[in-house]
Asker: 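Sharing a structure below in structure tokens format, with a few things to ask.
Keep in mind that what you see is a predicted model, and the values were worked out from it rather than measured.
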Amino acid sequence: MHTSLLISTYNWKEALKACLQSVFNQSILPDEILIADDGSQDGTKEMIREMELQTKIPIIHVWHQDKGFRVAAIRNRAIEMAKGDYIIQIDGDVILHKYFIADHLELAERGYFVCGSRVWLREETTDHILKGDIMQPSCFKEDLRFALNGLRSKMLRNYLAKRYGQNKISRLRGCNMAFWRDDLLKVNGYNEDLTMWGQEDTEMAYRLIHSGVKKKFLKMGGVQYHLYHTKASRERLMYHNMVLRKVIIQRTAWCANGINKGMNLAKSI
């Protein structure tokens, strides 16, 4: 199995650099890294070139012009370019535990996609990480509401995978997910009609489920630490929620404005 690590980013090269350093320290390395860049103009391209000198992992910088929040579109372009048959998806503002990829691969199974959790970091901890003072934070020194998301247990991880959160499909985070590439192509990837923050990951997850793919939850593993930042704009969240409700009610599996623009299949079951 070949693994592609897909990292979304936008104009925060310092966070992306710290994220990439945590990728390079993984116990199991990905076969390639695809950086889905939503139009960065802050020197991200030059930083990526510098980081390429530190690893033998191929790094593909997938960039499009900045025309507002279009993470769905740039992720689709990265999925198109991915050579791996399994895609692990994160954001460029997270720090990965050493066994993050290993834990994900442990749960990889045909017919399933996987979603995990995160540990929110304090602003002070984030500053130390970006300065290079801390490489691996401690979940018990952060917001204790997220402390359990920083624990690892192989036995509990496997026990909870098909049991935890099964009645709450929307309980997922796009910064910590994994899919088989052909499953993503089967539903035409992300819906590019969702052009602001919110529900783009949940909307696609429902379509995967409607296509027959089941959900696993990566608990007690797949640990990642989310760097502190201000929240994104919610200005189109009402529209995104409307699109999501329609997908749920109609049990839609295919989105017309996805990876393949040449097909308009109203796939549902």
Asker: For D182, is there an ion pair with R110 - N to carboxylate O distance below 4.0 angstrom?
Answerer: yes
Asker: What I'd like to find out is whether the side chain of L121 reaches to under 4.5 Å of the side chain of H226, using heavy atoms alone.
Answerer: no
Asker: Run the side chain to side chain contact (heavy atoms under 4.5 Å, CB included) test on Y190 and I79 for me, step by step, so that the C-alpha distance in whole Å, both residues' side-chain angles and the decisive distance to 0.1 Å come before the verdict.
Answerer: CA-CA 10 Å; Y190 280 91; I79 292 165; 4.2 Å; yes
Asker: State the NZ-CE distance between K215 and M177, to the nearest 0.5 angstrom.
Answerer: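 That separation rounds to 8.5 Å.
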Asker: Please step through salt bridge (charged side-chain N to carboxylate O under 4.0 Å, His left out) for the pair R152 and D103, ending with a clear verdict.
Answerer: CA-CA 9 Å; R152 295 181 67 251; D103 291 345; 2.8 Å; yes
Asker: About how many Å separate CG of L218 and OG of S117, when rounded to the nearest 0.5 Å?
Answerer: 7.5 Å
Asker: For the residue pair M51 and Q21, establish whether any side-chain heavy-atom pair is separated by less than 4.5 Å.
Answerer: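 With C-beta onward as the side chain, the pair touches.
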Asker: To the nearest 0.5 Å, tell me how far I48 CD1 sits from S40 OG.
Answerer: 7.5 Å
Asker: Between R49 and E52, is the closest basic N to carboxylate O distance under 4.0 Å?
Answerer: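 No, no charged N to carboxylate O under 4.0 Å.
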Asker: Step by step, work out the salt bridge (charged side-chain N to carboxylate O under 4.0 Å, His left out) result for K162 and E109.
Answerer: CA-CA 11 Å; K162 296 180 182 179; E109 181 181 353; 3.3 Å; yes
Asker: N260 and N188: side-chain hydrogen bond (donor to acceptor under 3.5 Å, both in side chains), yes or no, with the steps?
Answerer: CA-CA 6 Å; N260 191 330; N188 209 21; 5.4 Å; no
Asker: Less than 3.5 Å apart, which donor and acceptor atoms pair up between the side chains of residues 9-20 and the rest of the protein, not counting sequence neighbours?
Answerer:
residue	atom	partner	partner atom	Å
Y10	OH	D66	OD2	2.6
N11	OD1	Q41	N	2.7
N11	OD1	D42	N	3.4
K13	NZ	D42	O	3.3

Asker: Considering only residues two or more places apart or on different chains, which pairs with a residue in residues 79-107 satisfy ring-ring contact (aromatic ring centres under 6.0 Å, His included)?
Answerer: Y86-W180, H97-Y99, F100-H104
Asker: Around atom NE2 of H64, are there more than 12 heavy atoms of other residues, nucleotides or ligands at under 6.0 Å?
Answerer: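 Yes, enclosed.
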Asker: Do K219 and N149 touch side chain to side chain, with heavy atoms closer than 4.5 Å?
Answerer: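 Contact flag for K219/N149 side chains = yes.
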Asker: Decide, yes or no, whether a salt bridge links D201 with R75 under the criterion of side-chain N to carboxylate O below 4.0 Å.
Answerer: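 Answer for the salt bridge query: yes.
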Asker: Do R157 and E106 sit within salt-bridge range, that is, some charged N less than 4.0 Å from a carboxylate O?
Answerer: yes
Asker: For residues V119 and Y225, determine if any side-chain heavy atom of one lies less than 4.5 Å from a side-chain heavy atom of the other.
Answerer: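 Yes; the side chains approach each other to less than 4.5 Å.
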Asker: Treat each ILVMFWY residue as a node, draw an edge where side-chain heavy atoms are under 4.5 Å apart, and state whether I28 and M1 are in one component.
Answerer: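 Both belong to a single hydrophobic cluster.
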Asker: Can E192 and R70 be counted as an ion pair, charged N to O under 4.0 angstrom?
Answerer: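 Result for this pair is no, no salt bridge flagged.
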